[in-house]
**Student:** 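Dropping the structure in here first, questions after.
So that the names make sense, note that chain A is the first sequence line, chain B the second, and so on, each numbered from 1.
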Amino acid sequence: MLQAFVDHLRHAYGSVERLNELWGLTYWSHSLSSWADLWSPDGNTNPGYDLAWRRFQSSLTTEFLAWQARIVREHRRSGQFITHCLVSGHGLPAADRHAIAQAVDITAENIYYQAQDALALPAASGGGDGAGAPSWLGDTGAWTLYLKADIGRCGTRPGFLVTETNALSIGDAHSNAPPYDGQWRLAAYALIARGARGISYWHWHTCHYGNEAYWQGILNHDLEPGRCYQEVSRVGSELAVHGDLLDGIEPDADVAVLYSQDSRYALAFQPPLARPGSAAADRTSYERIFNAFYRAFFDAGAQLAVVHPAQHFERFPVLVVPALHIAGDDLLRRLVAYAEAGGHLVLSFRCGYADEHARARWARAPGILREAVGASYQEYANLAVPLGLTATDGLALPAQARATAWADGLEVEGASALASYDHPHFGRFAAVTTHRFGLGRVTYLGTLPNRELGRAVAELVLGQAGVRPPWTDLPASVRVTGARATGGQRLWFVSNWSWDPVAVPVPADGAALLSGRGVRAGAALELGAWDVDIVTEP
Amino acid sequence: MLQAFVDHLRHAYGSVERLNELWGLTYWSHSLSSWADLWSPDGNTNPGYDLAWRRFQSSLTTEFLAWQARIVREHRRSGQFITHCLVSGHGLPAADRHAIAQAVDITAENIYYQAQDALALPAASGGGDGAGAPSWLGDTGAWTLYLKADIGRCGTRPGFLVTETNALSIGDAHSNAPPYDGQWRLAAYALIARGARGISYWHWHTCHYGNEAYWQGILNHDLEPGRCYQEVSRVGSELAVHGDLLDGIEPDADVAVLYSQDSRYALAFQPPLARPGSAAADRTSYERIFNAFYRAFFDAGAQLAVVHPAQHFERFPVLVVPALHIAGDDLLRRLVAYAEAGGHLVLSFRCGYADEHARARWARAPGILREAVGASYQEYANLAVPLGLTATDGLALPAQARATAWADGLEVEGASALASYDHPHFGRFAAVTTHRFGLGRVTYLGTLPNRELGRAVAELVLGQAGVRPPWTDLPASVRVTGARATGGQRLWFVSNWSWDPVAVPVPADGAALLSGRGVRAGAALELGAWDVDIVTEP
Amino acid sequence: MLQAFVDHLRHAYGSVERLNELWGLTYWSHSLSSWADLWSPDGNTNPGYDLAWRRFQSSLTTEFLAWQARIVREHRRSGQFITHCLVSGHGLPAADRHAIAQAVDITAENIYYQAQDALALPAASGGGDGAGAPSWLGDTGAWTLYLKADIGRCGTRPGFLVTETNALSIGDAHSNAPPYDGQWRLAAYALIARGARGISYWHWHTCHYGNEAYWQGILNHDLEPGRCYQEVSRVGSELAVHGDLLDGIEPDADVAVLYSQDSRYALAFQPPLARPGSAAADRTSYERIFNAFYRAFFDAGAQLAVVHPAQHFERFPVLVVPALHIAGDDLLRRLVAYAEAGGHLVLSFRCGYADEHARARWARAPGILREAVGASYQEYANLAVPLGLTATDGLALPAQARATAWADGLEVEGASALASYDHPHFGRFAAVTTHRFGLGRVTYLGTLPNRELGRAVAELVLGQAGVRPPWTDLPASVRVTGARATGGQRLWFVSNWSWDPVAVPVPADGAALLSGRGVRAGAALELGAWDVDIVTEP
């Protein structure tokens, strides 16, 4: 494997002298005299090496799957298709979701979630009540279902399959949290609303032996129908009636969030953030920043898409770019052009800091983005304790808004400061800036916003960009997303993530598919505890 | 060793096909084609394999000790006896206390405890002030002395030796907690009261070198008599006077707690509980459940015995069965018969769930026990946060009573619910049920009770079973246990686990051995701080 | 390496019989029959072995550096000198600072510190706001700058070089904490005041690649002058003016703290303390006790020196000896003689407990020191929870004073108890004693003082020893230390570790060098936020 990597490097870079230069190997006397000098990845400390190695691993995965797909394609019957599950969320360390999506017919995800109180909206402060959730799940909360689906919708077509999701309970023998009545159905329609073309449950019945003997199926060990069976059956019955309409829908999306696999690799190797309440490095810094920005716009009511640099993100009115630490000049110039042409570009700290070889750029940060941002910085600090903020221009800040984890030493150069830090030292720096640039606008966050700050900035951005949430005056527990059916009908998925029944004001006449009732503009759609309906406009 | 294990399996199961079936090896493609396919225990993920391996390891230990004992027996002189220390508490991973006890003349235990505030009764909330206790000690508290002795009393005869216990201090150089004045004596009489036939202290003087240079002896490094020497001498002087009467006593026991080595093995491999406040598996789940049930009855004033399936537990009016996850049909039927014949059977969650091959049973849980319990469940959940309870029938619940860690989805089928959960979802399930069955009764706890819930249920059970604590109206810091001397006299060990002196109402005329005073029914026995006396009835 | 160690042992001890005796190898059946029996250090459990091994490792380091220095000396030009950085603080595991100092021309240290709020005086309770500080830094706070310099000043001459210190930020990519304006200058003059002859910053500009790409230099990646450049330039400009006067100064020191490399080794192997709030051993017990005692006297306003047994500590009026666990009879007798001749000897628990082979002494503790201390103990305990204290004689105890982590069972034998424990058991023991002995005095602390207790005892000791802080009535944020210039002038370094400006009463006429103003006795020296000045007496 190391030899294959060396061959790859030789082909890509030509000479060890070039590698010495690009990776700065003179530092700590690591310069190579010949290709035979290259060390193995174990214990490597050089960020340029690490990034190349991770890309190489990832390309091997893609190549292997593409080779397998070619073989299968020679033998498949008509109507058969090739898929592959991409795990879910931010995925596996050595796999590039967008690249793999090009090699299969339809992508698939295993979308697991923490049920029970963790799904409540509005979430309990601190990120949702995910106590007891398996650590491999990462963040918890209703928003993670949307995030995982929006990440999964990454192929050339807007749909994907859910190859596994929660049946009775997930995880090891000590992680049992069966959903409350209604939660399975809520989860199913959230996934369908965001592009799932099929949902499979893991699995039919709980195994009686083996490592996963307590990863519980639709039936448990007694093989008798129980609560999960009844709930899943209800979804199945509804889909038997409405499946044709729901098949092939295209979810709405006004806000795109740019995913950078390279930046994820680089920030896992040299994480900019410490784990909350700790002095240890947070190797999930990229995921943490990405999720905070996704969630900020989710909380503001936006409908999101996750896009990759290879995709045409220019079509979205708002483009959010979290932690784009690794980027070549071309991609950065494309972001500048996007704003100049009228887009609203939202950037986080670390964007544009390093080049495609993981070298910190020699220019004042954020480098190529500096003029568009209208601000720059020469230093930055980690925030062990969150800082309060002073809003300076048009930003409605709730009292709980905080800057966390990081603060760029941001000095405005044409931009307007939206918020600054309440602090004798950091007070000189802007925390959030916005800059009219060309026909568009660039908003920059020099800090990791807590939920209140993130939502406030997102609401301001959506307002400035003219993006309106689909329905208004929603109860805090209700989420609405739209989609267009293949026949052109508009669909609204209206869900209530709470024990408390709600009445949701409906903006237009139509029909509530699941309850089978008509709805009228201005009247209320009634939803029970953990309930969902689909409103169609004729 | 692996070869010996394979030989054992071949002998026990006959064919790989049988193993494939019993262990469900088709899952994850682990099926064996020949005995040579069997993997080594490192990294094994199959629970059936693990249980067989642990039993095999344990049998090797027993065989080795039995072989050694046979050799020594050929050479011993008259009056010499063979013993072996079984560590204490739940013991070593690969040793079966009851099996080893059959191979020696008298069993022995090394009973260490956390001294100082951890010994106070009533214990500080949260399980006793065991801050700073070595982690190998496990639970702390006065009750652990009784637990360890009751576990130690497992041979064919009711006595055992204490081969090691606390002298000045135990553990590594950073774990010094010398007992307060009186605590050595309290501990000694607690052990004697529960069957100790001899007590040795580790050790005579602290070593001046070596790994245990700060595991402190009766004399410390200065070799001069100090506080520990004086306290131990006092016990010795008393035993010189009263030893004949105390030798060979049989401790009272009304409540038996069934110990399942197999369940301990299985729940260490696939633990049902998470560590408190964590999402990580608690590999001591069996010990935690067992101890919670032992302690519930201890707190209710019961006198306990720990019994093994091979023993005649039918003679006890109350039989407590914690976490009997692994059990063959015969043992479960024997439990049913015990209740039917008039016993009060107390079961915890996980009882009867898997068979003797660690396979989850195919029947609605608790399977063979279902009819006797009068309730069943199809699902269960971990409780990351304790739940409050509503008492529904005859159970006096203190306000602090909580269900912790686990909740079976228990539905009554003839039983009465004693308590249910205060929760919009879990509220539909019973937390504690009781069921008149045949001439007896079955009480079932679908949750891990906190101390207040455990004690309340235990008091109800004792009352229903007609088991009365030996003395009544005891101060909260006082513990009384009874025993019968070889000459037939009744002995009452009365101890005060507190800095505050107490006056204990005496139920009958007699004599206080240690203080040398007579006592009269209705009068008070005076005990000082951390003091103990033995009352004899003539 | 093991063979070299065996050769060393053979040479040092002569026979395995002698080693068996000195290390107590009969325990756990470790006796050696021949040199070939000796095990390797991995997994060794014997403290005598460990101490010998650590000393051997350390001597190899010294020998290697001395050999390198001899080679370089043969080739150096006139004016060139040999130095070697000794890391800083308590240094590396296998290096003896004092021994290495004899082999080079001038010692050097890499003195890093946590900037921002951690530098504030008075420190936030709990040891300074060091949240987010890299764990390799150890303790944080302004006092650690003085400690590290006082440790660094260990050669035969009073000066040392600072080969590395904080530029813009230190540590990994997630540990960014650039100093506030003024803090670089405060740190520079603190180091100069305590003997630094030169200060180099790490490093000129931040690297663009490599492992330390976010260990930030005077210039950051943009290579443009920024805040750090300006601040360091200011120090440079001042030194260009005043450097001649500051070069070669000798810092004042009234209180010596004895450093025992052997005790550090031994207490890392068998730590007497548990980590705060934990039952795990604190392998930095020596550093923790040493720092607590250094800081107690720092907080009391003393000027300190760190001395080694090979140095002439008898010249100091106060000698503080923390955790001298390992000491031969000669060193202990020298301490006794120091007090007898008029010195004030301050001892902590564990002093004099073991001999030079790590054997606990056979005498009542503190052994050879017992008569001079005027008190002894036979037992000791760890304190999982801090204890309050009652002052009994002349000690002014603030309400927050606490005994932490450890309590000797100290009984007075001629000494006066200064404080005892508020506790039903520990109340019988003295916590702090003082004893007039010969012409001097011995103060003994049987516990690890928290900051308030430490400072109160240190103030009492300084008063009794006639050591007066150089300036009086200082604001709580101000630190003053003195030095004598090579020309004989007295210099006072006056620094303000706070955002709040202060007026400092000046005791004598003179000149403020950095602000260029004259000062008069009784008038005030004005200092801004994080400001410093140097007052000269003519």
**Student:** Taking side chain as everything from C-beta outward and backbone as N, CA, C, O, which of these in Ala358(B) sits under 4.5 Å from a heavy atom of chain A? Side chain, backbone, both or neither.
**Tutor:**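 Backbone only.
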**Student:** With a 4.5 angstrom heavy-atom cut-off, is it the side chain or the backbone of Tyr353(B) that approaches chain A, or both, or neither?
**Tutor:**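 Just its side chain gets close to chain A.
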**Student:** Are the side chain of Asn176(A) and the backbone N or O of Asn382(B) linked by a donor-acceptor pair below 3.5 Å?
**Tutor:**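 Such a contact is absent between Asn176(A) side chain and Asn382(B) backbone.
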**Student:** With no hydrogens and no angle check, just 3.5 Å: does a side-chain donor-acceptor pair link His357(B) and Tyr209(A)?
**Tutor:**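 Absent: no donor and acceptor within the cut-off.
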**Student:** How far does CG of Leu267(B) sit from NE2 of His174(A), to the nearest 0.5 angstrom?
**Tutor:**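 Going from the CG atom of Leu267(B) to the NE2 atom of His174(A) covers 13.5 Å.
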**Student:** Which bit of Phe426(B) is near chain A, if near means a heavy-atom gap under 4.5 Å: side chain, backbone, both or neither?
**Tutor:**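 Interface part for Phe426(B): side chain.
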**Student:** In terms of heavy-atom pairs under 4.5 Å, which option from Ser278(B), Ala274(B), Gly409(B), Gly24(B) contacts chain A the most?
**Tutor:**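 Heavy-atom pair counts peak at Gly24(B).
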**Student:** Please state whether the side chain, the backbone, both or neither of Arg275(B) comes within less than 4.5 Å of a heavy atom of chain A.
**Tutor:**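 Neither the backbone nor the side chain of Arg275(B) comes within 4.5 Å of chain A.
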**Student:** Which region of Ala363(B), side chain (C-beta onward) or backbone (N, CA, C, O), has a non-hydrogen atom less than 4.5 Å from a non-hydrogen atom of chain A, or is it both or neither?
**Tutor:**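 Backbone only.
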**Student:** Between Asn220(A) and Tyr377(B), does a side-chain contact (heavy atoms from CB on, under 4.5 Å) hold up when you go through it step by step?
**Tutor:** CA-CA 10 Å; Asn220(A) 205 342; Tyr377(B) 59 93; over 6 Å; no
**Student:** Looking just at side-chain N and O atoms, do Gln378(B) and Asp222(A) make a donor-acceptor pair shorter than 3.5 Å?
**Tutor:**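 Present: a donor and an acceptor within the cut-off.
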**Student:** Starting at CD of Gln216(A), measure out to CD of Glu379(B) and round the result to the nearest 0.5 Å.
**Tutor:**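 So the gap between those two atoms works out to 8.0 Å.
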**Student:** So for Trp28(B), is it side chain, backbone, both, or neither that comes closer than 4.5 Å to the heavy atoms of chain A?
**Tutor:**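 The answer is the side chain of Trp28(B).
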**Student:** Between Pro424(B) and chain A, with a heavy-atom cut-off of 4.5 Å, which part of the residue counts as in contact: side chain, backbone, both or neither?
**Tutor:**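 Looking at Pro424(B), backbone and side chain both touch chain A.
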**Student:** Looking only at heavy atoms and a cut-off of under 4.5 Å, which of Ala177(A), Ala133(A), Pro178(A) has the most pairs with chain B?
**Tutor:**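 It is Pro178(A).
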**Student:** If you count heavy-atom pairs within less than 4.5 Å of chain A, which of Gly367(B), Ala407(B), Gly277(B), Ala280(B) leads?
**Tutor:**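 It is Ala280(B).
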**Student:** I need the minimum non-hydrogen distance between Ala384(B) and Ala131(A), along with the two atoms involved.
**Tutor:**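 So the two residues come closest at CB-O, 3.5 Å.
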**Student:** Work out which heavy atom in Gly210(A) is nearest to a heavy atom in Gln270(B); give both atom names and the distance.
**Tutor:**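 Smallest interatomic distance, heavy atoms only, reads O-NE2, 3.4 Å.
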**Student:** Is there a side-chain contact (heavy atoms from CB on, under 4.5 Å) between Trp362(B) and His205(A)? Walk through the geometry before answering.
**Tutor:** CA-CA 11 Å; Trp362(B) 277 254; His205(A) 72 77; 5.9 Å; no
**Student:** Identify which part of Arg283(B) has an atom lying under 4.5 Å from any heavy atom of chain A, answering side chain, backbone, both or neither.
**Tutor:**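 It is neither, since no heavy atom gets under 4.5 Å.
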**Student:** Is chain A contacted by the side chain of Ala405(B), its backbone, both, or neither, given a heavy-atom distance below 4.5 Å?
**Tutor:**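 For Ala405(B), there is no contact with chain A at all, as no heavy atom is under 4.5 Å.
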**Student:** Please check if the number of heavy atoms outside Glu371(B) that lie under 6.0 Å from its CD is greater than 12.
**Tutor:**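 No, the 6.0 Å shell around CD holds no more than 12 heavy atoms from other groups.
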**Student:** Check this for me: Tyr229(A), atom OH, are more than 12 non-hydrogen atoms of other residues, nucleotides or ligands nearer than 6.0 Å?
**Tutor:**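 At most 12 heavy atoms, drawn from other residues, nucleotides or ligands, come within 6.0 Å of this atom.
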**Student:** Less than 4.5 Å to any heavy atom of chain A: does that hold for the side chain of Leu22(B), its backbone, both, or neither?
**Tutor:**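 Just its backbone gets close to chain A.
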**Student:** Would you compute the distance between atom CG of Asn211(A) and atom OH of Tyr27(B) and round it to the nearest 0.5 angstrom?
**Tutor:**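 Spacing of CG (Asn211(A)) from OH (Tyr27(B)) equals 7.5 Å.
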**Student:** Tell me which of these, Asp181(A), Thr206(A), Asp172(A), has more heavy-atom pairs under 4.5 Å with chain B than the rest.
**Tutor:**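 Maximum pair count with chain B is reached by Asp181(A).
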**Student:** Just so I understand: if I count every heavy-atom pair under 4.5 Å between each of Ala529(A), Gly171(A), Ser169(A), Cys207(A) and chain B, which residue has the most?
**Tutor:**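 Counting heavy-atom pairs under 4.5 Å, the top option is Cys207(A).
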**Student:** Answer with side chain, backbone, both or neither: which region of Tyr214(A) has an atom nearer than 4.5 Å to a non-hydrogen atom of chain B?
**Tutor:**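 Contact with chain B involves the side chain of Tyr214(A) alone.
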**Student:** I need the His425(B) NE2 to Gln183(A) CD distance, nearest 0.5 Å.
**Tutor:**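 With rounding to 0.5 Å, NE2 (His425(B)) is 8.5 Å from CD (Gln183(A)).
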